[in-house]
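Hydrogens, waters and symmetry mates are skipped; everything else that's a heavy atom, side chains included, is used. Order of the sequence lines fixes the chain letters, A, B, ..., with proteins taken first and strands second; residue numbering starts at 1 for each chain.
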2 protein chains.
Amino acid sequence: MNLEEKLHDRNIKPTAMRLLVLEALENAPMAMSLNDIELMFEKADKSTIYRTLKTFEKNKLIHSIEDGSGQVKYALCPESCECELNDLHYHFHCKKCKSTYCLSSQHIPKIELPINFELEEANMVLNGICASCR
Amino acid sequence: MNLEEKLHDRNIKPTAMRLLVLEALENAPMAMSLNDIELMFEKADKSTIYRTLKTFEKNKLIHSIEDGSGQVKYALCPESCECELNDLHYHFHCKKCKSTYCLSSQHIPKIELPINFELEEANMVLNGICASCR
DNA sequence: AAAAGTAGTGCAACTCATTTGCAAAGTTTA
DNA sequence: TAAACTTTGCAAATGAGTTGCACTACTTTT
Ligand SMILES: [Mn+2]
Ligand SMILES: [Mn+2]
Ligand SMILES: [Zn+2]
Ligand SMILES: [Zn+2]
């Protein structure tokens, strides 16, 4: 599936900026912040990228991660992800290089909640040192 | 153990403000933000409270939680907590009332990391609706 | 094709939590 | 007591995120 198809699949009209942002996210080996993406382009407007990311997130093309770095990171969702409980996975944030990785291979386990608490989403961030930094 | 002893125990000098902030955290049933604490006092300086919280955190009297609300929350550590891996627990953030609870009864399980990744801390936030909000 | 309507973009300005600089006040040490 | 160090209060800076608004581009209707 190419970039345009991926957008179409999520009911997002393929504008130039959207294609560029999606491409950036596809090629990045780790999650990216608004700022990271802005810096990848010579001349790109922050709010356009911001709104692009919001659109992508609303339409479940990407998910966001609050890794404690002070900048929200974004990563592509797997194809046909519906961002539901069983799609939840851990994220690892390296204290040294500040990279944030999706640990997609491992879904989060069942967690005992107090009675009558209802789980909807989760933001699970592990912190430490990544392989390239040791 | 009274408030002064608790501070002493963590090598924190018991100033008036510190005693008040500690008391506030002790009495709160859930985690509190800098702003929450500031609002509890008639006339209190934000940066003093800020630095108080930083001191408490550095000395492991409290731990911080990034719950996605845009405000970092703080909660008391259990006595003699060293904020190590086995002290890690989940937090629950209610989307409705914005309260953040420590789910202290349940420690986080062992998580499979990619090879050579080293875990040091974690910020695990569950989101949903709390019992009082349903 | 022209007009009207809708969606996306660029720019500037704003919000707001957090953080810092600095001088004044308080505390401890010699 | 004097010097050294710590804590506090105030004001200002920082910086991520967000919004208003005018302009452009695209789509649909006449
Ligand atoms: Mn992810
Ligand atoms: Mn906690
Ligand atoms: Zn790293
Ligand atoms: Zn609630």
Side-chain angles (χ1 to χ4, degrees), chain A residues 3-4 6-8 10-25 31-59 61-75 93 98-100 123 125, chain B residues 3-4 7-8 10-24 31-59 61-75 93 98-100 123 125:
Chain A
L3 297 174
E4 303 217 4
K6 278 180 185 155
L7 291 179
H8 182 260
R10 297 291 188 169
N11 275 300
I12 302 166
K13 286 189 211 148
T15 68
M17 200 63 227
R18 288 171 179 172
L19 289 164
L20 287 171
V21 171
L22 176 55
E23 193 183 31
L25 289 164
M32 298 220 291
S33 68
L34 170 56
N35 194 50
D36 292 338
I37 297 172
E38 193 186 359
L39 293 176
M40 293 188 64
F41 305 110
E42 194 64 40
K43 171 193 158 300
D45 183 65
K46 191 164 42 116
S47 24
T48 302
I49 303 175
Y50 170 76
R51 289 187 269 232
T52 296
L53 291 169
K54 288 293 185 184
T55 301
F56 283 6
E57 188 178 20
K58 181 157 61 68
N59 293 27
L61 180 59
I62 63 177
H63 60 278
S64 62
I65 308 137
E66 311 230 359
D67 61 10
S69 67
Q71 308 191 166
V72 178
K73 304 280 175 72
Y74 298 90
H93 179 243
K98 317 294 183 199
S99 299
T100 294
N123 185 56
V125 180
Chain B
L3 296 175
E4 302 217 5
L7 291 179
H8 182 260
R10 297 291 188 169
N11 276 301
I12 301 167
K13 286 188 214 152
T15 67
M17 200 64 228
R18 288 172 179 172
L19 289 164
L20 286 170
V21 171
L22 176 55
E23 192 182 32
M32 299 220 290
S33 69
L34 171 57
N35 194 51
D36 292 338
I37 297 172
E38 193 186 2
L39 293 175
M40 294 188 64
F41 306 110
E42 195 62 39
K43 171 194 159 298
D45 183 65
K46 196 167 31 121
S47 22
T48 301
I49 303 175
Y50 171 76
R51 289 187 268 231
T52 296
L53 291 169
K54 287 294 183 184
T55 301
F56 284 7
E57 188 178 20
K58 181 156 62 70
N59 293 25
L61 180 58
I62 63 176
H63 59 278
S64 63
I65 308 137
E66 312 231 359
D67 61 9
S69 67
Q71 307 191 166
V72 178
K73 304 279 176 69
Y74 298 90
H93 179 244
K98 317 294 183 199
S99 298
T100 295
N123 186 55
V125 180

_Test of understanding: with ring-ring contact (aromatic ring centres under 6.0 Å, His included), list the residues that count as partners of A:His63, not counting sequence neighbours._
A:His89, A:His91
*May I ask you to say what B:Thr15 touches in the nucleic acid, namely base, sugar-phosphate or nothing, with a heavy-atom cut-off under 4.0 Å?*
sugar-phosphate
*asked:* Over the length of the helix from C:dA1-D:dT30 to C:dA30-D:dT1, how much do the five-pair end axes diverge, rounded to 10 degrees?
replied: 10°
*By side chain to side chain contact (heavy atoms under 4.5 Å, CB included), which residues pair with A:Asn35, not counting sequence neighbours?*
A:Ser33, A:Glu38, A:Leu39, A:Gln71
_Side-chain donor/acceptor of A:Arg18 to backbone N/O of A:Lys13, under 3.5 Å_ = yes
_Under the side chain to side chain contact (heavy atoms under 4.5 Å, CB included) test, residues paired with A:Asp67 that sit two or more places apart_ = A:Ile65, A:Ser69, A:Lys73, A:His93, A:Thr100, A:Val125
If you restrict it to nitrogen or oxygen atoms, what contacts under 3.5 Å exist between nucleotides 16-20 of chain C and the protein, and what is each distance?
unit_1	atom_1	unit_2	atom_2	d
C:dA17	OP1	B:Gln71	OE1	3.1
C:dA17	O3'	B:Gly70	O	3.3
C:dT18	OP1	B:Val72	N	2.8
C:dT18	O4	B:Lys46	NZ	3.4
C:dT19	OP2	B:Tyr50	OH	2.5
C:dT19	OP2	B:Lys54	NZ	3.4
C:dT19	O5'	B:Tyr50	OH	2.7

*asked:* Could you tell me how far apart A:Lys58 (NZ) and D:dT18 (P) are, to the nearest whole angstrom?
replied: 14 Å
*Listed by chain and number, what are the side chain to side chain contact (heavy atoms under 4.5 Å, CB included) partners of B:Lys54, not counting sequence neighbours?*
B:Tyr50, B:Glu57
*Find out whether A:Ile12 and A:Leu22 are in side-chain contact, i.e. whether some heavy atom of one side chain is under 4.5 Å from a heavy atom of the other.*
no
*Quickly work out the A:Leu20 CG to C:dG8 C1' distance and round it to whole Å.*
14 Å
*Among the candidates C:dG8, D:dG9, C:dG10, find the nucleotide nearest to the side-chain atoms of A:Arg18.*
C:dG8
*Tell me, do B:Leu34 and B:Val72 make a side-chain contact under 4.5 Å, heavy atoms counted?*
no
*Any side-chain heavy-atom pair from A:Leu25 and A:Leu53 closer than 4.5 angstrom?*
yes
*Which letters describe nucleotides 25-30 of chain C, given B = protein heavy atom under 4.0 Å from base, S = only from sugar-phosphate, - = neither?*
------
*Residues which pass salt bridge (Lys or Arg N to Asp or Glu O under 4.0 Å) with A:Lys6, listed by chain and number, not counting sequence neighbours*: A:Glu26
*Residues in side chain to side chain donor-acceptor pair (under 3.5 Å) with B:Glu4, at least two apart?*
none
